[in-house]
Amino acid sequence: MFALADCNNFFVSCERVFNPGLNGRPVVVLSNNDGCIVSRSNEAKKLGIKMGVPLFQVRELVQKHEIVVFSSNYVLYGDMSRRVQETLRTFVPAIEIYSIDEAFLDLRGMEHFDLDALAKKISLTCLRHTGIPVSVGVAPTKTLAKVASKLCKQYPKLRGGCYLYKPADIEKVLKTYPIDDVWGIGRQYTKKLRALGVGTAYEFTQLSAPRVQKMMGITGLRTWKELRAEACIEFMQANPPKQQICVSRSFSKEISDCKELGMQVSMFCAMACEKLRKQNSHCHQALVFILTNPHKEDSPRHFESTLISFQVPTSSTLEINRAILQALQRIFKPFCAYKKAGVVLMEMVPDSAVQGSLFDELDREKHRRLMKAVDKINQKNGYSSVAVATQSLEGIKMNRRYLSPQYTTKWSDIIKVKV
DNA sequence: TCTGGGGTCCTAGGACCC
DNA sequence: TCTGGGGTCCTAGGACCC
């Protein structure tokens, strides 16, 4: 058996923990740059606010119903996520962190426990310890555990925990479960399946295996098997190092000045390199890209990227930054208004497997020690206490009009309680 | 006026090798 | 006149996830 612990409306729930006056009111949280709605309270969902819509398209609705709006506060959400994870770890030997608001729990070998009671207990404990409501679904496969956790959200009677294992129960649930809510079935497959008259998860399980494989490949077949209670998506306790690391942002105002753009890109580069070192990797390649606003029809559109290869894999911010800024010079076009830029690191190798070169001119040991010191200082004293001089000192040019305090990570933002 | 930011896996087809 | 058989690697594109 596997469990999925899924935080309900996670970003909104984080805001509510420190601002209980928001309970019962419609609340939404925006993406970076205050662009789109990425988290909604149940009240906001009921008002018809869709996931991912740009804020400006629902402005009227927001005003009419006095929907409370927040910019995304990832420092807060990251910290709350860590607290939930730590609570989960106290219940099971192994958890797989699937995303900022979801984790799978390995319950293999725990079948003699009352798993329904356990699920409810986990949910209640998370709420008590962190203030975040969590839905815990337990089932024989990961895909069915996802189904079960969704049931918790639909039926408050379940008190946050649902154990779905009897074949008859599974069949009953799948018969009313919309196909597009199944994990692994996205928009394209939904369209194809609906055209075949498959509207529920149950109907999908009734197709033949070869037909499913032909239409949706091996991944589709896995989903099909999982819905039929045959576990085939592995439980991954340790998350493997990333094969790509990307840092990119949209800007609040378009940038036409090469130097100014360089300062932003330089900062993305430093952020990406920090992530790279954190997972103990070096990279062979780096890519920088810049683009103009694709939504603007009348001004010149431009997307450009360039790839840099390093002879010897590197994780030095200095080396990568220099190469990236040179590359940026080559692709930058004057008279273009750039709306977004990013840096991607690729072709990773572990620190321990770096192939050196006889003709290397860089003192890599010196860079390594310097980067280690920089990371340590920044970790202790806060983000970009020490930075490359080409980096922007003002941070990212980003709208964050509705930002909440950093309640849990900044002394001055900690809530004061009056006695 | 205003439109996010990260990732992964799989497959088909082309280039190339012997 | 006739024109093999087996393999690998790489890339782009398409699907998916949160």
Side-chain angles (χ1 to χ4, degrees), chain A residues 4-11 28-40 50-60 62-63 69-74 77-78 81 96-104 142-143 146 149-150 179-193 212-223 226 232-234 236 239-254 268 271-272 275 279 285 289 291-299 305 307 337 339-348 396 398-402:
Chain A
L4 175 72
D6 191 338
C7 302
N8 302 350
N9 314 330
F10 183 55
F11 297 167
V28 297
V29 175
L30 304 176
S31 62
N32 269 329
N33 209 28
D34 293 347
C36 302
I37 288 168
V38 293
S39 180
R40 306 156 295 157
K50 294 270 181 294
M51 183 68 176
V53 289
L55 176 63
F56 76 92
Q57 285 178 7
V58 289
R59 264 270 143 75
E60 265 178 43
V62 168
Q63 267 158 19
V69 177
F70 286 98
S71 300
S72 42
N73 184 347
Y74 284 105
Y77 310 149
S81 173
E96 172 190 337
I97 299 175
Y98 181 66
S99 73
I100 194 164
D101 68 337
E102 281 174 65
F104 288 104
K142 283 176 151 187
T143 306
K146 279 237 174 201
S149 88
K150 212 155 220 172
I179 187 65
D180 47 307
D181 282 353
V182 174
W183 187 41
I185 309 284
R187 246 188 304 240
Q188 303 305 319
Y189 288 145
T190 298
K191 227 189 278 172
K192 278 189 195 174
L193 289 166
V212 170
Q213 172 149 19
K214 187 156 184 235
M215 187 167 49
M216 305 165 66
I218 189 75
T219 38
L221 187 63
R222 277 205 278 260
T223 298
E226 286 244 324
C232 48
I233 299 177
E234 245 183 290
M236 306 238 283
N239 35 351
K242 301 246 179 295
Q243 298 170 40
Q244 283 192 27
I245 290 173
C246 172
V247 174
S248 77
R249 292 290 184 281
S250 298
F251 306 126
S252 51
K253 274 190 191 145
E254 282 135 6
F268 301 159
M271 292 162 80
K275 289 190 192 180
Q279 68 161 27
Q285 292 184 333
F289 65 88
L291 57 140
T292 55
N293 192 340
H295 302 287
K296 259 192 186 168
E297 309 255 311
D298 44 350
S299 48
S305 69
L307 184 68
K339 179 68 179 166
K340 180 175 176 177
V343 169
V344 190
L345 306 179
M346 290 174 296
E347 297 291 295
M348 315 297 207
I396 299 165
M398 196 166 68
N399 286 325
R400 297 181 97 184
R401 279 180 55 197
Y402 316 100

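We name chains A, B, ... by the order of the sequence lines, and we start the count at 1 in each one.
The residue A:Val182 sits close only to the backbone: its heavy atoms come under 4.0 Å of sugar-phosphate atoms, none of a base. A:Val53 comes within contact range of no nucleotide atom at all, as no heavy-atom separation falls under 4.0 Å. Within the 4.0 angstrom heavy-atom criterion, no nucleotide atom of any strand lies near A:Arg401. Using a 4.0 Å heavy-atom distance criterion, A:Asn399 is classed as making no nucleic acid contact. Heavy atoms of A:Lys339 sit under 4.0 angstrom from primed sugar atoms or phosphate atoms, though from no base atom. Using a 4.0 Å heavy-atom cutoff across all strands shown, A:Lys146 reaches sugar-phosphate atoms only and no base atom. Heavy atoms of A:Leu30 sit nowhere under 4.0 angstrom from any nucleic acid atom. Backbone-only engagement by A:Ile218 is indicated by non-hydrogen atom pairs under 4.0 Å involving sugar-phosphate atoms exclusively. Counting non-hydrogen atoms under 4.0 angstrom, A:Ile100 reaches nothing in the nucleic acid.
Applying the ring-ring contact (aromatic ring centres under 6.0 Å, His included) criterion to A:Phe10, with sequence neighbours excluded, gives no partner residue. A:Asp101 meets the side-chain hydrogen bond (donor to acceptor under 3.5 Å, both in side chains) test with A:Ser99; sequence neighbours excluded. A search for ring-ring contact (aromatic ring centres under 6.0 Å, His included) contacts involving A:Phe56 returns nothing, not counting sequence neighbours. For A:Phe289, the ring-ring contact (aromatic ring centres under 6.0 Å, His included) criterion is met by no residue, not counting sequence neighbours.
Interatomic distance, CD of A:Glu102 versus CG of A:Asp6, reported as 4.0 Å (0.5 Å rounding).
The residue among A:Gly52 and A:Gln244 whose nearest nucleotide of DNA chain B lies closer to the 5′ end is A:Gly52. In terms of position on DNA chain B, the residue among A:Ala341 and A:Gly217 whose nearest nucleotide sits closer to the 5' end is A:Ala341.
Formation of a donor-acceptor pair under 3.5 Å by the A:Ser71 side chain with backbone atoms of A:Arg401 is found in this model. Panel note: side chain A:Ser39, backbone A:Val28; no donor-acceptor pair is recorded below 3.5 Å.
A 4.5 Å side-chain heavy-atom check between A:Lys142 and A:Glu96 finds at least one atom pair inside the cut-off.
Between A:Tyr77 and A:Phe11, the two ring planes are parallel [angle under 30°; tilted spans 30° to 60°].
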Next on the checklist: Let's test your reading of the pairing rules: Watson-Crick or G-U wobble, both distances under 3.5 Å, then write DNA chain B as a dot-bracket string with ( ), [ ], | and dots.
Outcome noted: ....||||||||||||||
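Once you apply a 4.0 Å limit to the heavy atoms of chain A, the touched nucleotides of DNA chain C run 5' to 3' over C:dA15 to C:dC18.
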